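Notes to accompany the following structure.
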Amino acid sequence: MKPEVKSYDCTDYDPIDTYKFDDPDDVDFWINFTIGPVDFDGGDNFQVRVATFSNIGRNESPRHCILIDKFSFSQVISKVSEFLSKCEGRDWEEVSIKLSEFMCWEFQDYKLYREE
């Protein structure tokens, strides 16, 4: 099973694909991607932080972060496509778990409620 981006949104900078930052060398924001299996309409939400090297602190974890020199939406999409190409699996659960290494999955650490 292969994943693909179904849609994306950024509540801080909308529309993010055409947004012009005052200083593209100094950005730090989160973006949501809806990602699902190829040939399937729906998907799950995955968030990733986008930051320039000059903006991220020395002691901050780069986990779930796309680090870039200068903001370019096409570069962000390219990095996400690179993540997706590494996350094929036999079913959606396997794909999602792989994706969650790169992005925050909406169901990450979810535990099914069981009545006792």
Side-chain angles (χ1 to χ4, degrees):
M1 179 172 285
K2 294 181 181 184
E4 71 178 357
V5 172
K6 304 296 184 176
S7 65
Y8 53 83
D9 63 272
C10 178
T11 56
D12 294 325
Y13 306 105
D14 185 34
I16 190 59
D17 53 346
T18 58
Y19 192 85
K20 302 291 183 210
F21 287 93
D22 291 335
D23 184 356
D25 295 324
D26 185 25
V27 300
D28 188 353
F29 63 92
W30 285 84
I31 185 170
N32 181 73
F33 287 90
T34 302
I35 299 172
V38 171
D39 298 327
F40 185 78
D41 289 334
D44 293 348
N45 291 313
F46 292 84
Q47 294 80 35
V48 66
R49 181 181 177 191
V50 176
T52 51
F53 287 103
S54 62
N55 199 307
I56 196 160
R58 262 182 228 266
N59 297 323
E60 288 184 75
S61 168
R63 182 171 162 82
H64 300 146
C65 186
I66 295 174
L67 288 170
I68 51 179
D69 290 317
K70 183 177 199 159
F71 178 74
S72 157
F73 188 69
S74 61
Q75 188 177 10
V76 172
I77 291 297
S78 177
K79 293 280 189 183
V80 170
S81 294
E82 186 181 314
F83 296 161
L84 297 183
S85 71
K86 297 175 182 177
C87 296
E88 292 182 23
R90 68 183 179 283
D91 58 26
W92 183 244
E93 182 179 9
E94 183 179 332
V95 171
S96 297
I97 289 169
K98 288 179 180 180
L99 278 171
S100 70
E101 292 295 314
F102 301 106
M103 307 168 97
C104 292
W105 181 29
E106 67 178 316
F107 297 113
Q108 199 161 332
D109 300 325
Y110 175 77
K111 303 231 184 319
L112 186 62
Y113 174 77
R114 296 182 197 267
E115 241 180 89
E116 294 182 39

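Remember, it's a predicted structure, so these values are computed and weren't measured experimentally. FYI, side chains are in, hydrogens and waters are out, and symmetry mates aren't considered; it's all heavy atoms of this structure.
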### Task
Indicate if Trp30 and Tyr8 have the same hydrophobic cluster label, given that clusters are the connected sets of ILVMFWY residues with side-chain heavy-atom separations under 4.5 angstrom.
no
Between Lys98 and Glu88, the two heavy atoms sitting closest are NZ-O, 2.6 Å
Q. Do Arg49 and Ile56 touch side chain to side chain, with heavy atoms closer than 4.5 Å?
A. yes
Smallest heavy-atom separation, Cys10 atom then Ile31 atom, equals CB-CG1, 4.2 Å
_Within the 4.5 Å heavy-atom criterion, are Val48 and Phe102 side-chain neighbours or not?_
no
Rounded to the nearest 0.5 angstrom, the CG-OG1 distance for Asp25 and Thr52 is 7.0 Å
Determine all donor-acceptor pairs shorter than 3.5 Å in which one atom belongs to a side chain in residues 62-70; sequence neighbours excluded.
from, atom 1, to, atom 2, distance (Å)
His64, NE2, Ser100, O, 2.9
His64, NE2, Met103, O, 3.4

* Using a cut-off of 6.0 Å, state whether more than 12 heavy atoms not belonging to Glu93 lie near its atom CD. => no
Treating Lys6 as the side-chain partner and Asp41 as the backbone partner, does any N or O pair qualify as donor plus acceptor under 3.5 Å? no
Between Pro37 and Glu4 the two heavy atoms that sit nearest each other are O-OE2, 4.1 Å
Across all chains, not counting sequence neighbours, the side-chain contact (heavy atoms from CB on, under 4.5 Å) partners of Phe21 are Tyr13, Ile16, Tyr19, Val27, Phe29, Phe71
Mark yes when over 12 heavy atoms from residues, nucleotides or ligands other than Asp12 sit less than 6.0 Å from its CG; otherwise mark no.
yes
* Are the side chain of Ser81 and the backbone N or O of Ile77 linked by a donor-acceptor pair below 3.5 Å? -> yes
For Ile35 and Pro3 the tightest heavy-atom approach is CG2-CB, 3.8 Å
task = Keeping the roles fixed (side chain from Ser54, backbone from Asp26), state whether a donor-acceptor pair exists under 3.5 Å.
result = no
Heavy-atom closest pair (Cys87 atom, Val95 atom, distance to 0.1 Å) is O-CG1, 3.2 Å
message: Quick check on the hydrophobic clustering: are Val5 and Phe107 connected, directly or via other members, by side-chain heavy-atom contacts under 4.5 Å?
response: yes
Heavy-atom nearest pair, Gln47 first then Asn45, reads NE2-CB, 3.7 Å
* Taking Ser85 for its side chain and Glu82 for its backbone only, find out whether a donor-acceptor pair lies under 3.5 Å. => yes
> Are Trp92 and Asp44 side-chain neighbours, meaning at least one heavy-atom pair lies under 4.5 Å?
Replying inline: yes
Residues Leu99, Leu84; criterion side chain to side chain contact (heavy atoms under 4.5 Å, CB included); working and verdict
CA-CA 7 Å; Leu99 278 171; Leu84 297 183; 3.4 Å; yes
